[in-house]
Amino acid sequence: MKVASWNVNSIRVRLEHVLEWLESEQPDVLGLQEIKMPTDDFPAEAFAEIGYQSIANGQKTYNGVALLSKQEGTDVIDAMPDFEDPQKRVLAATYGDLRIVNLYVPNGQAVDSDKYEYKLSWLAALQAWISEEAKQHEKLAVFGDFNIAPEDADVHDPAAWEGKILCSDAERGALNDLMSLDLKDSYRLFDQPEASFSWWDYRQAGFRRNRGLRIDLVLASEALCTSATAAGIDKEPRALERPSDHAPVWLEFT
DNA sequence: ATGGTGGTCCAACCA
């Protein structure tokens, strides 16, 4: 089994990239973030033609998540319980005995902003929801664009980013709380290259200079970690013409 | 010191 996550920054613009990546990598499940279109506009037919079913949870202009898969997803959840949110940022489904939670965590803009307070309250609601999901599903993967770099090793310039948005103590604390629900950052189960990132700013030639952050994560339950065989980040799509600013991240297990 | 790119949609917001 291979599961993957990719913030595509508009599925309209990135449709060909995603179709090509699915055909070459053949993941069993791919979660998308920032589809940036209403649910009803999602190009399900294009994915069906190459053998992928889809579930979308979108809105006009901003946010939006989707799940593409070879088998049908069941027990779909498209909003966190007990958290009113007009922003479409979550989508969960079950594939066989595997539970998938696909997240687009709020960016937060800056640590002194209203959007940061929204991010922290959103993460508190997530903690409550995922603790319930973890009780119900032994094989659980919680993946997506977390908009949090777990550690300084996940940041190109830790001194410059210290305490800043995506790296603040409160954000990292919320991520650690989530991981204390027996969920591991699966990328670190394996030896990885230094300076491994999943997002590079479009500005200042961030990708060419590898000035990035690793903020796209696949958190895996103990039952998944014990059968994990490989994890990685595929930088190839980030080097294409008109790329997303994020690369797909993936986990394989038996 | 400032702003620098890109998507959505055409002014301004979000990242």
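Fair warning: this is a prediction, and the values are worked out from it, not measured in the lab. Just so we're on the same page: letters track the sequence lines, and every chain starts at 1. In what follows, every heavy atom counts, from backbone to side chain, and hydrogens, waters and symmetry copies are set aside.
When rounded to the nearest whole Å, the span between CE of A:M37 and C1' of B:dG7 equals 12 Å. Rounded to whole angstrom, the span from the CZ atom of A:R208 across to the P atom of B:dG4 amounts to 18 Å. In this structure, CD of A:Q33 is placed 17 Å from P of B:dG7, rounded to the nearest angstrom.
Comparing the same atom, C1', in B:dA1 and in B:dA12 gives a spacing of 25 Å after rounding to whole Å. On the P atoms, B:dG7 is 27 Å away from B:dT2, given to the nearest whole Å. Spacing between B:dC9 and B:dC14 at atom P, rounded to whole Å, works out to 14 Å.
Inter-residue side-chain proximity for A:V76 and A:L91 is flagged as met; some heavy-atom pair is nearer than 4.5 Å.
Place A:K60 and A:Q204 on DNA chain B by their nearest nucleotides, and A:Q204 ends up nearer the 5' end.
Regarding contacts with the backbone of B:dG7, a side-chain N or O of A:R242 is found under 4.0 angstrom from either OP1 or OP2. Taking only side-chain nitrogens and oxygens, A:T61 never comes nearer than 4.0 Å to OP1 or OP2 of B:dG7.
Pair assignment for B:dG3 gives none, since no Watson-Crick or G-U wobble pairing has each distance under 3.5 Å.
In terms of the side chain to side chain donor-acceptor pair (under 3.5 Å) criterion, A:E252 has no residue partners (sequence neighbours excluded). Remark: A:Y95 engages no residue in a ring-ring contact (aromatic ring centres under 6.0 Å, His included) (not counting sequence neighbours).
For the residue pair A:N102/A:Q33, the side-chain donor-acceptor check at 3.5 Å is satisfied. Side-chain contact check for A:W21 and A:D234: at least one donor-acceptor pair (N or O, by modelled atom type) lies under 3.5 Å. A:Y116 and A:S168 form a side-chain donor-acceptor contact under 3.5 Å, judged by distance and modelled atom types alone.
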Anything under 3.5 Å between a protein N or O and an N or O of nucleotides 11-15 of chain B, put it in a table, one pair a line.
{"unit_1": "B:dC13", "atom_1": "O2", "unit_2": "A:Y62", "atom_2": "OH", "d": "3.3"}
{"unit_1": "B:dC14", "atom_1": "OP2", "unit_2": "A:K115", "atom_2": "NZ", "d": "3.1"}

